[in-house]
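Structure record follows, encoded as structure tokens.
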Amino acid sequence: MTSIESKRVQYRKYLERAGVIDALSKALIKLYEEQNKPEDAIRFVRKFMCESCPDDAQYDVMKNDLEEAKTHISKLEQELERLRGQIKKSPEEYQELTTEGYKSLMDDEENVSSLLRKYLTPELLEEYMLVTTPAPVDAYLYDCAVSGFEHHDAPVGIFAADADSYDVFNKLFDPIIKDYHGQMDNENDVLQKDPDFGNVDEIENLDPERKYILSARIRVARNIEGLPFFPKLTEKQFIEVEEKVRSATETMDGELVGSYLTMADIDAETQAEMVKRHILFQRGDEKLTTAGCYRFWPTGRGVYHNPAETFLIWVNRQDHVHIMSMAQCGDLGDVYNRLVNGLTELEKTLAFARHPRYGNLTACPTNLGTTLRASVHIRLPLLSKDPDRLIALAEELQLQVRGTDGGELATVEDGVMDISNKRKLGFTEFELVKTLQDGVVALINAEEELEIAGQEG
């Protein structure tokens with residue numbers, strides 16, 4: 001029995017236990033016995049199953065009331081953030097919060113793998129306790145580490161509040177960066193190479209027959225030079241980022257031409273539909289919430305996309321901009337070319353934050369360097385049945401394997417998985433995309449060998 005068939009059986013048993021099948025059967029029998037068949041059969045079944053349920057008119061009223069309530073709650077949240085912004089913590093308060101957060105983190109004997117916990121020694125804590133980044137941001141260590149202090153299970157536990165955080169708190173950020181990116185033995189002054197997108201013509205369509213690859217996507221993240229990152233962005237600065245990006249997109253031409261939508265102007269139903277299509281983002285990550293990522297939501301957030309939805313720019317999702325190129329096929333070369341063109345257009349009017357040692361800067365130290373993630377959604381049903389071999393192959397090819405929904409490998413359905421580059425720092429953009437290309441070709445070859453072996457067997 002395949003995984004899909006097994007899930008269907010389990011789902012049917014669940015429906016039987018919950019009484020859903022019995023209730024539906026009775027409703028359908030009642031409809032069958034009805035002498036005068038109603039024009040709206042669905043309404044008849046719904047009314048039979050739930051006599052106390054609201055009718056369509058009542059449902060519409062309740063739906064509108066809910067949307068108004070959500071809008072009102074959003075406005076109250078924004079006002080709360082404004083009031084919080086007016087309350088300035090004293091150095092003594094920062095010291096108390098930092099001390100309490102650090103103690104809580106270190107006293108937790110169950111969650112001990114955080115890189116913040118690993119590298120924030122008592123000596124560093126004392127040294128950085130009341131140090132701040134330059135005005136007007138004035139970010140304390142606490143502003144960077146608050147999420148890690150609260151969420152001890154975070155693998156990293158720290159975000160840069162601005163570009164200066166990487167230098168002001170360098171004794172903490174540097175080992176975290178080197179550890180996460182596998183650069184512990186790198187003694188060079190520069191960890192990230194200069195940008196190099198190489199010859200885009202060398203990147204090809206990896207699956208012309210569309211037998212294996214369902215989609216391909218490449219994204220990069222950027223932060224605008226001179227503005228703080230999300231932990232310290234003010235409401236006006238969220239808006240400023242949006243306006244700068246909106247203005248920059250007005251010069252797009254060719255297949256990049258599109259429209260900008262500010263999130264506050266998109267109704268909830270449309271937002272949900274766009275999120276489902278991976279065209280729009282949403283909030284909800286608790287670690288990012290604590291770090292301050294969703295303050296003033298949805299102010300300053302939005303999306304730019306072309307009509308074909310193959311080129312997107314997300315504004316203030318986490319970093320100031322996420323630039324994405326995608327295709328519903330395996331033409332990685334087309335996707336890469338479009339990304340390079342889009343980024344080049346933005347750079348004509350926007351200057352992005354870059355560090356001489358770390359390359360392109362992001363709020364999360366796990367993403368800096370190239371900031372590039374290239375991925376394919378690919379169906380490899382035979383390889384997926386041998387996860388140990390699959391993982392070993394991916395490691396050898398410097399690739400990361402995720403489940404169908406981008407989560408754990410155990411969530412693979414029908415052999416569909418997400419394959420992406422594992423590295424972001426220490427390599428050029430072209431090297432990383434070429435790594436994905438070569439790796440995916442190798443995985444497809446391995447799948448084809450299994451197919452041939454099955455036919456011969």
Side-chain angles (χ1 to χ4, degrees), residues 81-82 84-91 93-99 101-102 105 114-116 119-120 124-125 127-151 154 156-177 180 221-241 283 285-297 299-301 315-322 352-355 357-369 371:
E81 287 298 336
R82 294 187 190 104
R84 284 174 174 166
Q86 295 174 11
I87 302 174
K88 302 297 182 183
K89 298 184 184 71
S90 67
E93 288 174 311
Y94 269 112
Q95 183 171 14
E96 181 179 353
L97 289 169
T98 305
T99 302
Y102 183 70
L105 176 66
S114 161
L115 291 181
L116 176 67
Y119 290 108
L120 183 55
L124 270 186
L125 180 73
E127 179 179 346
Y128 287 150
M129 181 77 74
L130 298 179
V131 173
T132 66
T133 63
V137 179
D138 295 319
Y140 283 81
L141 173 64
Y142 181 79
D143 295 312
C144 299
V146 58
S147 184
F149 285 156
E150 182 167 329
H151 304 286
V156 178
I158 193 167
F159 296 93
D162 59 0
D164 289 310
S165 296
Y166 285 109
D167 292 324
V168 173
F169 306 115
N170 181 259
K171 293 179 184 178
L172 176 59
F173 272 106
D174 196 67
I176 287 177
I177 291 167
Y180 181 86
R222 294 290 188 272
N223 285 285
I224 297 174
E225 191 176 64
L227 289 171
F229 303 160
F230 74 77
K232 294 293 282 185
L233 273 180
T234 65
E235 184 176 16
K236 287 183 179 179
Q237 287 170 329
F238 271 110
I239 297 172
E240 181 181 351
V241 169
R283 59 178 172 172
D285 183 279
E286 61 179 8
K287 297 176 180 64
L288 288 173
T289 299
T290 304
C293 187
Y294 306 127
R295 292 175 302 115
F296 309 111
W297 187 276
T299 296
R301 278 78 173 187
V315 179
N316 284 323
R317 172 184 179 263
Q318 180 176 333
D319 293 302
H320 296 166
V321 289
H322 276 80
F352 295 120
R354 188 172 173 83
H355 193 280
R357 179 170 170 80
Y358 306 125
N360 297 297
L361 291 182
T362 53
C364 183
T366 65
N367 291 327
L368 47 62
T371 77

Subject >> From CA spacing to verdict: side-chain contact (heavy atoms from CB on, under 4.5 Å), Y119, D174 >> reply: CA-CA 10 Å; Y119 290 108; D174 196 67; over 6 Å; no
At their closest point, which heavy atom of [X] faces which heavy atom of [Y], and how far apart are they?
| X | Y | value |
| --- | --- | --- |
| A363 | F230 | CB-CE2, 3.5 Å |
| L233 | R295 | O-NH2, 2.7 Å |
| I176 | P365 | CG2-CG, 4.5 Å |

Is the closest side-chain heavy-atom distance between [X] and [Y] below 4.5 Å?
| X | Y | value |
| --- | --- | --- |
| L368 | F173 | no |
| F296 | I239 | no |
| L115 | I158 | no |

Subject >> Under the side chain to side chain donor-acceptor pair (under 3.5 Å) test, residues paired with E127 that sit two or more places apart >> reply: K171
The criterion is ring-ring contact (aromatic ring centres under 6.0 Å, His included); which residues satisfy it with [X], sequence neighbours excluded?
| X | result |
| --- | --- |
| H355 | Y358 |
| Y128 | F169 |
| F352 | none |
| F238 | none |

**OP:** Apply the test side-chain contact (heavy atoms from CB on, under 4.5 Å) to residues T289 and R283: give CA-CA distance (whole Å), side-chain angles for both, the deciding distance (0.1 Å), then the verdict.
**Re:** CA-CA 8 Å; T289 299; R283 59 178 172 172; over 6 Å; no
How long is the span from the [atom1] atom in [X] to the [atom2] atom in [Y], to the nearest 0.5 Å?
| X | Y | atom1 | atom2 | result |
| --- | --- | --- | --- | --- |
| D285 | Q318 | CG | CD | 8.0 Å |
| N360 | R222 | CG | CZ | 3.5 Å |
| F149 | T290 | CZ | OG1 | 13.0 Å |

Between [X] (side chain only) and [Y] (backbone N and O only), is there a donor and an acceptor less than 3.5 Å apart?
| X | Y | answer |
| --- | --- | --- |
| N223 | P228 | no |
| Y166 | L361 | no |
| T371 | N367 | no |
| S147 | K287 | yes |
| D319 | A221 | no |
| H322 | R317 | no |

Please name all residues satisfying side chain to side chain contact (heavy atoms under 4.5 Å, CB included) with [X], sequence neighbours left out, ordered by chain then number.
| X | answer |
| --- | --- |
| T234 | K236, Q237 |
| S114 | L116, R117 |
| T366 | V156, Y180, C364 |
| E93 | K89, S90 |

List the atom pairs, donor and acceptor, that lie under 3.5 Å between side-chain atoms in residues 131-142 and the rest of the protein, sequence neighbours left out.
{"residue": "T133", "atom": "OG1", "partner": "A139", "partner atom": "N", "Å": "2.9"}
{"residue": "T133", "atom": "OG1", "partner": "D162", "partner atom": "OD2", "Å": "3.0"}

Original post:
With sequence neighbours excluded, what pairs up with D143 under the salt bridge (Lys or Arg N to Asp or Glu O under 4.0 Å) test?
Top reply: K232
Original post:
For E225, which residues count as a salt bridge (Lys or Arg N to Asp or Glu O under 4.0 Å) partner, sequence neighbours excluded?
Top reply: none
